[in-house]
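Labels below follow one simple rule: chain letters A, B, ... track the order of the sequence lines, proteins then strands, and each chain is numbered from 1.
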Protein chains: 2
Amino acid sequence: MALGDAILACLTERPMTGYELAKTFDTSIGFFWKADHQQIYRELSKLRDRGHVQAREVVQTGKPNKLVYTLTSEGRAALKHWAARPSRPASIKDDLLVRMFALGDVDMDALRADIMARLEHHRDRQARFERILAKRFPDGTAAHADLGKLLNLRLGVRHERAVVEWCEEALEVLSGGAATSNVTPIGEGPREGKA
Amino acid sequence: MALGDAILACLTERPMTGYELAKTFDTSIGFFWKADHQQIYRELSKLRDRGHVQAREVVQTGKPNKLVYTLTSEGRAALKHWAARPSRPASIKDDLLVRMFALGDVDMDALRADIMARLEHHRDRQARFERILAKRFPDGTAAHADLGKLLNLRLGVRHERAVVEWCEEALEVLSGGAATSNVTPIGEGPREGKA
DNA sequence: GACGCATATGCACCTTTGTGCATAAGGTGT
DNA sequence: ACACCTTATGCACAAAGGTGCATATGCGTC
């Protein structure tokens with residue numbers, strides 16, 4: 001039932017329609033929690049049934065009427081209650097790692113291409129997070145309620161950076177050349193960050 | 001259908017029973033892919049129906065007979081085929097990040113306690129990965145077929161290290177004291193690794 | 001002797017997630 | 001005129017994942 005709570009968390013910011021929530025899940029909170037619009041609409045109905053959100057219909061012309069969902073006090077309490085229990089660490093569950101595990105039975109060229117694509121993907125995300133950080137929190141400071149968002153972005157940067165470094169290492173190791181050696185202790189390599 | 005492929009990947013090492021696979025999913029490959037025994041047995045039946053694995057019954061006394069599953073050539077081909085398509089990056093989906101996002105509506109003491117528990121958890125995992133690395137790959141070298149396992153462990157170390165550093169940062173920022181400031185560029189802090 | 005633990009397999013149910021499709025209207029491009 | 005994108009909501013079905021329970025037995029231990 002974590003998606004429901006993620007939606008409640010979004011609605012603490014401001015009331016939103018399902019459509020807006022879907023977009024939010026494509027950007028800010030969606031960086032670490034993917035959900036498409038069907039899931040969100042379904043979950044919203046459930047939350048409404050439980051009384052955690054309240055829907056207000058806004059009549060529109062030309063477009064279908066929209067339902068603006070507001071967090072109720074019950075919803076806020078439910079979120080607080082949920083947040084009070086210890087979280088459990090999520091597992092990584094990445095296809096690529098399964099491929100790596102069975103590296104002996106895998107086409108190496110495809111694997112290398114895959115890692116290269118991933119490298120770009122994670123570089124992109126790292127850059128995106130850094131851009132958002134610089135824009136939303138230019139002094140590295142935030143009001144209390146926004147501290148979590150700042151920290152989430154910083155985790156994003158750290159995580160993507162770690163994966164980027166790993167992709168680079170993997171490509172080097174798998175390049176065939178110095179294949180089986182020259183692995184250096186982690187955290188020693190050149191570091192081109194904002195140094 | 002990724003769990004099925006993860007099982008096939010495990011079986012490239014050697015034939016195993018469902019029970020052994022469940023244990024494997026608790027240790028090596030399970031560091032990044034959790035699955036309990038029910039899931040594994042279910043998936044094994046499916047894989048057998050598809051002809052990707054073959055079951056051989058081994059009669060035992062005192063214990064229920066066991067079914068040793070062997071990867072068939074069809075299974076190996078299916079794995080290869082699956083591995084050839086580009087992987088898609090997994091999202092993080094961590095409860096803790098949702099809590100952080102809604103930080104204004106959350107009990108701060110519980111949140112801090114949660115982060116502290118996580119810090120320990122990730123430190124443990126980092127240490128475990130480093131221990132396994134040192135034991136299985138003492139020279140940082142591996143035969144081709146094992147390179148993926150080495151790299152996976154090194155990703156594990158990198159990932160856990162990133163999260164550990166973030167937990168420390170989060171605790172500092174949320175400690176109330178210098179609450180809203182003193183965030184330094186990432187990748188600059190003291191680094192107590194094997195330096 | 002009762003209790004739990006390791007070995008070994010599995011069913012049934014429920015929740016969560018993913019995919020495809022449907023509706024509805026205005027705007028933009030060709 | 002027709003195709004396609006954006007806004008806005010939703011159903012139906014299938015696949016995947018998680019929880020609890022059931023079975024069977026030998027071994028150690030309290």
Side-chain angles (χ1 to χ4, degrees), chain A residues 1-8 15-27 29-30 32-50 53 55-69 82 87-95 98, chain B residues 1-8 15-27 29-30 32-50 52-53 55-69 82 85 87-95 98:
Chain A
M1 184 203 301
L3 175 59
D5 295 291
I7 289 175
L8 294 180
M16 279 192 249
T17 67
Y19 192 83
E20 284 177 290
L21 277 166
K23 272 192 296 182
T24 301
F25 271 79
D26 245 30
T27 51
I29 206 171
F32 52 90
W33 204 292
K34 285 266 160 269
D36 56 29
H37 73 273
Q38 288 89 340
Q39 271 174 277
I40 286 162
Y41 286 122
R42 211 177 345 184
E43 203 64 37
L44 278 171
S45 321
K46 282 190 214 163
L47 290 172
R48 187 169 44 176
D49 291 347
R50 277 190 218 119
V53 299
R56 192 165 35 84
E57 189 162 20
V58 174
V59 183
Q60 298 189 125
T61 52
K63 291 173 229 177
N65 295 344
K66 63 181 176 183
L67 292 164
V68 180
Y69 289 92
W82 170 78
S87 70
R88 48 173 151 180
S91 54
I92 307 184
K93 251 179 205 183
D94 191 327
D95 286 7
V98 176
Chain B
M1 188 204 300
L3 174 59
D5 295 290
I7 289 174
L8 294 181
M16 279 192 250
T17 67
Y19 193 83
E20 284 178 290
L21 278 165
K23 274 193 295 182
T24 301
F25 271 78
D26 245 31
T27 53
I29 206 172
F32 52 90
W33 203 292
K34 285 268 159 267
D36 55 28
H37 73 272
Q38 288 89 339
Q39 271 173 278
I40 287 162
Y41 285 122
R42 207 178 348 184
E43 203 63 38
L44 280 170
S45 321
K46 282 191 214 162
L47 289 172
R48 188 168 44 175
D49 291 347
R50 275 188 220 121
H52 291 175
V53 298
R56 191 164 37 84
E57 189 163 17
V58 174
V59 184
Q60 297 188 124
T61 54
K63 293 173 228 176
N65 295 344
K66 63 182 177 183
L67 292 165
V68 180
Y69 289 91
W82 170 78
R85 339 181 301 202
S87 70
R88 49 172 148 181
S91 53
I92 307 187
K93 249 176 208 187
D94 191 326
D95 286 6
V98 176

Response to the item:
When every non-hydrogen atom of B:Ala2 is compared with those of A:Asp95, the smallest separation belongs to CB-OD1, 4.0 Å

Fill in: Rounded distance in Å - CG (B:Asp5) to C1' (D:dA16)
13 Å

Item to complete: Walk me through it: do A:Leu21 and A:Tyr41 pass the test side chain to side chain contact (heavy atoms under 4.5 Å, CB included)?
Response: CA-CA 9 Å; A:Leu21 277 166; A:Tyr41 286 122; over 6 Å; no

Worksheet item: For the atom pair CG (B:Leu44) and NE2 (B:His52), what is the distance rounded to the nearest 0.5 Å?
Response: 13.0 Å

Practice prompt. For A:Ser45, report the nucleic acid contact type (base, sugar-phosphate, nothing); a contact means any heavy atom under 4.0 Å.
Written response: nothing

Item to complete: Identify the heavy atoms of A:His37 and A:Ala22 that sit nearest to each other, and give their distance.
Response: CB-CB, 4.0 Å

Response to the item:
By nearest-heavy-atom nucleotide on DNA chain C, the more 5' of B:Leu67 and B:Arg88 is B:Leu67

Atom pairs, protein N/O to nucleotides 20-22 of chain C N/O, distance under 3.5 Å:
residue : atom : partner : partner atom : Å
C:dG20  : O6   : A:Gln38 : NE2          : 3.1
C:dC21  : N4   : A:Gln38 : NE2          : 3.3

Worksheet item: Does B:Gln39 place a side-chain N or O at less than 4.0 Å from the phosphate oxygens OP1/OP2 of D:dG18?
Response: yes

Worksheet item: Within this structure, what is the CH2-to-P distance between A:Trp33 and C:dT16, rounded to whole angstrom?
Response: 11 Å

Worksheet entry | Distance, rounded to the nearest Å, where A:Lys46 contributes NZ and D:dG10 contributes P | 14 Å

Item to complete: Might you work through the side chain to side chain contact (heavy atoms under 4.5 Å, CB included) test for B:Leu8 and B:Trp82, ending with a clear yes or no?
Response: CA-CA 11 Å; B:Leu8 294 181; B:Trp82 170 78; over 6 Å; no

Worksheet, complete the sentence: Rounded to whole Å, the CG-C1' distance (A:Asn65 to D:dG10) equals 14 Å

Fill in: Spacing of A:Lys23 atom NZ relative to D:dT6 atom C1', expressed in whole Å
9 Å

Worksheet entry | Pairwise distance CE(B:Met16) to CD1(B:Ile7) - rounded to 0.5 angstrom | 10.0 Å

Worksheet entry | Pairwise 5' ranking along DNA chain D for A:Arg42 and A:Lys66, keeping only the more 5' one | A:Lys66

Worksheet item: Within less than 4.0 Å of OP1 or OP2 of D:dT9, is there a side-chain N or O belonging to A:Tyr41?
Response: yes

Worksheet item: C:dA8 C1' sits how many Å from B:Tyr69 OH, rounded?
Response: 11 Å

Worksheet item: Just checking A:Asp36: base, sugar-phosphate only, or nothing, at a heavy-atom cut-off of under 4.0 Å?
Response: base

Worksheet item: Hey, does A:Leu67 have a side-chain heavy atom less than 4.5 Å from the side chain of A:Thr17?
Response: no

Worksheet entry | Euclidean distance, B:Lys66 NZ relative to B:Glu20 CD, rounded to 0.5 Å | 6.0 Å

Expected rows: protein N/O vs nucleotides 23-25 of chain C N/O, under 3.5 Å:
residue : atom : partner : partner atom : Å
C:dA25  : O4'  : A:Gly62 : O            : 3.0

Item to complete: Measure the distance from CD on B:Glu57 to P on C:dT9 and round it to the nearest whole Å.
Response: 9 Å

Discussion item. Just the rounded figure in Å: distance from C1' of C:dG18 to CD of A:Glu43.
Written reply: 14 Å

Worksheet item: For B:Thr24, which residues count as a side chain to side chain donor-acceptor pair (under 3.5 Å) partner, sequence neighbours excluded?
Response: none

Discussion item. I need the A:Ile92 CD1 to B:Trp33 CH2 distance, nearest 0.5 Å.
Written reply: 11.5 Å

Discussion item. If the cut-off is 4.0 Å, is B:Tyr19 near the phosphate of C:dT7, judged by side-chain N/O to OP1 or OP2?
Written reply: yes

